[in-house]
Trainee: 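Mind having a look at this structure? Questions to follow.
Quick note on labels: first sequence line is chain A, next is B, and so on, each numbered from 1.
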There are 2 protein chains.
Amino acid sequence: MSATNERLTSEDRREQILAAASDVFGERGFAGGTTDAIAKVAGVSQAYVVRMFGSKQELFIAATERACERVIDTFRAAIAELDGEETVVERLAALGRSYVDLIADRGTLLTMMHAFTLGHDPRVGPLIRERYLDIYRFARDEAGLGPEVASHFLATGMLINTGMAMRLPDIADSDDDARELLGCLWGDSTDALVAMTTAAPILPEALRR
Amino acid sequence: MSATNERLTSEDRREQILAAASDVFGERGFAGGTTDAIAKVAGVSQAYVVRMFGSKQELFIAATERACERVIDTFRAAIAELDGEETVVERLAALGRSYVDLIADRGTLLTMMHAFTLGHDPRVGPLIRERYLDIYRFARDEAGLGPEVASHFLATGMLINTGMAMRLPDIADSDDDARELLGCLWGDSTDALVAMTTAAPILPEALRR
DNA sequence: CGTGGAAGTTATCAGCCGATTACAACTAGC
DNA sequence: GCTAGTTGTAATCGGCTGATAACTTCCACG
């Protein structure tokens, strides 16, 4: 549908399906996201989605791994741009700014959120715990924030993720408290972020329930 | 099954079903939590669960309202115990300590988490946004934290919620980084909390998938 | 008593969803 | 240009799940 009808290499098709899965799982979670919806977004048949990954569970796991990888890559890129002479506060600010890139890719952040809620799952649980600790270790060591600042960074990020999930930016225009809360997290760039997330692309109308 | 076979008033039964729904929705989310599982935990028939609330969606909404209410009641009780002469830092600490009560009731916190991820839902979205802002306003005004400290409190709480959802405490015994991250949030009482959450009751084995 | 209403169940159904199978279309390499 | 492997689809199926309907059990009260 939304994709081209060309024949692709399985690698390209795999990435296309993973991107679709990221959107669908991000919006509806593992149990709520159907392989049919993912197939429609990716522009392939439902059967192909299942066969390529073996099962819906394997697809979710792959989507989760991809999401975590994208998050840590984004943070790593932000730190790599610095010259290494910055203070802790400046490095923290650089990581915070890089969150803009993550928010632009709504599905990544929300898929990760849903993976968090599957901590009891024998497959997803160990995976997401290890990946999240990877992010913590990155912030603490590679970014040089230390334990306290790193945990503060993760906490703020989690509030941002949650705000995104519950679509707080959608009401920031009309609700002073929502705007104020978001403002405490982002300061001056709040308006731009609100505009960005409010206009963020969502699943095609035909796929809404 | 797990409940008594006595006949109850519809009010009592309603609360019993809501408590069961809190556990089931908390662990599996809205889409993943079945009315049958809720019925089994509550000790009634599946048909009765649906008929009492009209639909699964109405039941989830009721469970979400109950969860939000419990959270704000817990915070309100913590502030009410103070004599009003405390500093902002002391009031923040009192709220933090009250989180122990919330964690003891795993389902409440996790049901709220799942409601967050339904921000796009036309019924759940407006509800959870308003309730969450209620909590923010409480922390800011009634607890007197002000905007910055209140948002910091919410951020920390969200990291705690997420840690609970992904069962970080389960691996705190064997993973130094997990323990350190939790320690940054709770300080001295970390060990007690880890012990508490690790031993937390979960859904009956027969209901695991 | 006995009757009406509330509490609660059993049985059943229709729709959805993941998975499987069998088949079709295309392309690289000999 | 033939063929073998890869990309991809259509058709179908069985199990699960929310909902509905019809029935039962129990208690309060005249």
Side-chain angles (χ1 to χ4, degrees), chain A residues 1-21 24-25 27-63 114 118 121 123-124 203 206-209, chain B residues 1-21 24-25 27-63 114 118 121 123-124 203 206-209:
Chain A
M1 302 287 183
S2 56
T4 64
N5 286 334
E6 289 171 18
R7 243 172 138 90
L8 301 179
T9 65
S10 68
E11 196 179 351
D12 287 347
R13 199 56 98 181
R14 185 185 160 89
E15 169 54 26
Q16 202 175 47
I17 293 174
L18 278 175
V24 173
F25 283 139
E27 180 130 343
R28 305 186 188 171
F30 172 69
T34 66
T35 55
D36 190 59
I38 293 166
K40 283 198 171 69
V41 171
V44 296
S45 67
Q46 180 263 344
Y48 194 50
V49 169
V50 172
R51 209 189 42 184
M52 170 160 273
F53 289 87
S55 71
K56 176 177 162 176
Q57 162 148 291
E58 293 300 329
L59 171 57
F60 183 81
I61 287 170
H114 283 286
L118 289 175
D121 185 276
R123 294 283 311 276
V124 179
L203 289 182
L207 293 179
R208 314 303 298 271
R209 36 171 141 212
Chain B
M1 302 291 180
S2 56
T4 65
N5 286 334
E6 287 171 21
R7 248 173 133 89
L8 300 180
T9 65
S10 69
E11 197 179 349
D12 286 347
R13 199 56 98 182
R14 184 185 160 88
E15 168 55 25
Q16 203 174 47
I17 293 174
L18 279 175
V24 173
F25 283 140
E27 179 129 344
R28 305 186 188 172
F30 172 68
T34 66
T35 55
D36 191 59
I38 293 167
K40 283 200 172 68
V41 172
V44 296
S45 68
Q46 180 263 341
Y48 194 50
V49 168
V50 171
R51 211 189 41 183
M52 170 161 273
F53 289 87
S55 70
K56 177 178 162 176
Q57 162 148 293
E58 294 299 330
L59 171 57
F60 183 81
I61 287 170
H114 283 287
L118 289 175
D121 184 277
R123 295 283 311 276
V124 179
L203 290 181
L207 294 179
R208 315 302 299 273
R209 36 172 140 212

Trainee: What one-letter contact string describes nucleotides 19-30 of chain C from 5' to 3', where B marks a base within less than 4.0 Å of any protein heavy atom, S marks contact via sugar-phosphate atoms alone, and - marks no contact?
Mentor: BB-B--BS----
Trainee: Once ring pair (Phe, Tyr, Trp, His ring centres under 6.0 Å) is applied, do any residues pair with B/Phe25, and if so which ones, sequence neighbours excluded?
Mentor: B/Phe60
Trainee: Distance check needed: C/dT9 C1' versus B/Asp36 CG, whole Å only.
Mentor: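 Atom-to-atom, B/Asp36 to C/dT9, this comes out as 13 Å.
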Trainee: Rounded to the nearest 0.5 Å, how far apart are CD1 of A/Ile61 and CG of A/Asp121?
Mentor: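 Reported to 0.5 Å precision, the distance equals 7.0 Å.
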Trainee: Has A/Tyr48 got a side-chain N or O lying under 4.0 Å from the OP1 or OP2 atom of D/dG8?
Mentor: yes
Trainee: Does any non-hydrogen side-chain atom of B/Leu59 lie less than 4.5 Å from one of B/Leu18?
Mentor: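 Heavy-atom side-chain distance check passes, below 4.5 Å.
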Trainee: Could you name each residue pair satisfying side chain to side chain donor-acceptor pair (under 3.5 Å) that touches residues 43-60 of chain B, not counting sequence neighbours?
Mentor: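 For residues 43-60 of chain B: B/Thr35-B/Gln46, B/Glu58-B/Arg123.
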Trainee: Can you find a heavy atom in the side chain of A/His114 that is under 4.5 Å from one in the side chain of A/Leu118?
Mentor: no
Trainee: Rounded to whole angstroms, how far apart are CZ on B/Phe53 and P on D/dA19?
Mentor: 13 Å
Trainee: OP1 or OP2 of D/dT7 versus the side-chain N and O atoms of A/Ser10: is any pair under 4.0 Å?
Mentor: yes
Trainee: Counting the atoms with a prime plus P, OP1 and OP2 as sugar-phosphate, which does A/Thr34 contact under 4.0 Å by heavy atoms, base, sugar-phosphate, or nothing?
Mentor: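 Sugar-phosphate only.
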Trainee: Rounded to whole Å, please give me the gap between CZ in A/Phe60 and C1' in C/dG18.
Mentor: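 Taking atom C1' of C/dG18 as the reference, CZ of A/Phe60 is at 16 Å.
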Trainee: Rounded to whole angstroms, how far apart are CD on A/Gln16 and C1' on D/dT7?
Mentor: 13 Å
Trainee: In chain order, what residues pass the side chain to side chain contact (heavy atoms under 4.5 Å, CB included) check against B/Ser10, with sequence neighbours excluded?
Mentor: B/Met52
